[in-house]
Number of protein chains: 2
Amino acid sequence: MRLLLIEDERELADALSAALSKHGIVTDHTMHLADAFELTRQNTYDAILLDRRLPDGEGLSFIPMLRRSGADTPIIVLTARNEPLERVEGLDVGADDYLGKPFLVDELMARLRAVLRRPPSLTELQITVGRMVIDPLHLSVTVESAPLDLPRRELLVLAALAKRKDKTVLRSTLEAAVYNYEEEIQSNALDAHISRLRKRLTDAGAGVAVHNIRGVGYLLKEE
Amino acid sequence: MRLLLIEDERELADALSAALSKHGIVTDHTMHLADAFELTRQNTYDAILLDRRLPDGEGLSFIPMLRRSGADTPIIVLTARNEPLERVEGLDVGADDYLGKPFLVDELMARLRAVLRRPPSLTELQITVGRMVIDPLHLSVTVESAPLDLPRRELLVLAALAKRKDKTVLRSTLEAAVYNYEEEIQSNALDAHISRLRKRLTDAGAGVAVHNIRGVGYLLKEE
DNA sequence: CCGCGAAGATTGCGGCAGCATTACGAGGAC
DNA sequence: GTCCTCGTAATGCTGCCGCAATCTTCGCGG
């Protein structure tokens, strides 16, 4: 899962990114609305976390702009202004949820899950493939109800594949699911993850196969 | 718009119904979970307002029950228990939002609007031809829901044809779809791709045919 | 109806891009 | 310390794809 965080307090932003990465969430961060819009054009985010008070203007103004461009990415507004009437204001311009600072990361996670649960096709609560059950929201994997713990990056690869099981996932999509734009990649790191993931899956008897489509991407299916 | 209100405090329920009716919202009201489930079977609601503390049990238990029955009706949980951790709990079982009592009717309205705005269906960008479904965006092809993996160039040819199925696609258009300017072509490479693609499609029983229009181009149609 | 030329279809071959695998070492967690 | 993760790079291999040679089909004129 990949988020865009629009927030001008660097400390909060760093802390949030760190906390979210423990949940397997890749976060891109910017402090300016102008950059934010450009980023949404270049990437596909699962959700956007938006601060209201920003150096170059009121964060809420970003929402209609984004919606007008056709994007329906869920937006959660983060703010110190947490009066009921202000919440109304935020929700009415097109935000999907509103979270007053300070907040618990756990609550943010829960609201994220709630907001993302909407499109059922992309965010099935649990995905079953072969003898394996994958929960891409909580990032847990079980084989025959026995938990299987995977390294973080392999887990992200698996979750991205599972969300589109039986369909090809572009190589670039996988890269975006695992790395943010600051983490440059200049080797076959992704291939290595795939390889190690394959080994772990067969060792665990997961009953699935990670298939390669040369020049296109990968595909997860039962074997 | 029609809501189901599951709430045991009669006074609150009456007041809410009255307030909502001013917004043109029709409200069905019940105090018991058992009735609630039956009501959802008989009617279609745009959203459900659910109290947590109910005479016949914990309101939250209603959510997985409803979800399991296949309904994705938005649910807003109303409760006096408004601690962050409890909100997490509510959202995690499948609620779409969580509202602590007491609340302003205006805020409820705003949250209703937010929840209902979430898109019911993502734009289907899939093309069906014969027994085959093509997703030109994600470059994936399935035959009778079984994935069919094609080499990159053949995939590009197929996608270009599928986007204009039953219509002729100029040879030059196909070349543009498969090759960029740097990749000069000076042989019948495209013909070769067509040929190999045809073979793969018939082998897979895709139920489609690639016809040639001599001197003009090609055309994809069901066979 | 036949013959001819051009467009298309098919297939084998070889080069090489892309992928799989593995070892190694740096860095982090405990 | 020990164990695990993860980026890097070297190695070997697979099969895509451009090419070209050959065969087939199509359209047209006589």
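Values reported hereafter were calculated over all heavy atoms of this structure, with side chains retained and with hydrogens, waters and symmetry mates removed. A, B, ... follow the sequence lines: proteins, then strands. Residue 1 opens every chain.
At least one side-chain nitrogen or oxygen of A/His193 sits closer than 4.0 Å to the OP1 or OP2 atom of D/dG7. Contact annotation: A/Arg198 reaches the phosphate of C/dT21 (side-chain N/O to OP1 or OP2, under 4.0 Å). When the side-chain nitrogen and oxygen atoms of B/Tyr218 are compared with OP1 and OP2 of C/dA9, one or more of them lie within a distance under 4.0 Å. When the side-chain nitrogen and oxygen atoms of B/Tyr179 are compared with OP1 and OP2 of D/dG18, one or more of them lie within a distance under 4.0 Å. At the phosphate of C/dC19, OP1 or OP2 sits under 4.0 Å from a side-chain N or O atom of A/Arg171.
Position along DNA chain D of the nearest nucleotide to A/Ser187 versus A/Arg200 favours A/Arg200 as the more 5'-ward residue. Mapping A/Ala192 and A/Gly215 onto DNA chain C via the closest heavy atom, the residue that lands nearer the 5' end is A/Gly215.
Here D/dG15 presents its C1' atom at 16 Å from CG of B/Leu155, a figure rounded to the nearest Å. Atom-to-atom, CD1 of B/Ile194 to C1' of D/dC16 comes out at 17 Å; the value is rounded to the nearest Å. Between A/Leu190 atom CG and C/dG18 atom P the separation is 15 Å, expressed in whole Å. Atom pair B/Asn212:CG and D/dT24:P shows a separation of 18 Å (rounding to whole Å applied). For the pair B/Ile213 CD1 and D/dT25 C1', the interatomic distance rounds to 14 Å; values are reported in whole Å. Rounded to whole Å, atom P of C/dG8 lies 17 Å from atom CG of B/Leu197. The interatomic distance linking A/Lys199 (NZ) with D/dT5 (C1') rounds to 16 Å, in whole Å. When the P atom of C/dT21 is taken as reference, atom CG of A/Asp203 falls 12 Å away, rounded to whole Å.
Using a 4.0 Å heavy-atom criterion, one finds that A/Asp191 contacts the bases of the nucleic acid, with or without backbone contacts as well. Base engagement by A/Ala189 is indicated by at least one non-hydrogen atom pair under 4.0 Å involving a base atom.
In this structure, B/Lys165 places its NZ atom where more than 12 heavy-atom neighbours from other residues, nucleotides or ligands lie under 6.0 Å away.
Between the side chain of A/Arg131 and the backbone N or O of A/Gly205, at least one donor-acceptor pair lies under 3.5 Å. Judged by distance alone, the side chain of B/His211 and the main-chain N or O of B/Leu220 form no donor-acceptor pair under 3.5 Å.
Side-chain proximity of A/Arg214 to C/dA20, C/dG8, D/dT14: nearest is D/dT14.
Judged by atom type and distance alone, B/Arg196 does not reach the base of C/dT11 through any side-chain donor-acceptor pair under 3.5 Å. Side chain B/Arg153 to base D/dG15: no donor-acceptor pair is found below 3.5 Å. Residue-to-nucleotide contacts include a donor-acceptor pair under 3.5 Å from the side chain of B/Asn188 to the base of D/dA20.
With a 4.5 Å cut-off on side-chain heavy atoms, A/Val157 and A/Val178 count as touching.
No donor-acceptor contact under 3.5 angstrom links the side chains of A/Tyr98 and A/Arg111, judged on distance only.
We find the CD1-OG1 distance between B/Ile63 and B/Thr73 to be 11.5 Å, quoted to the nearest 0.5 Å.
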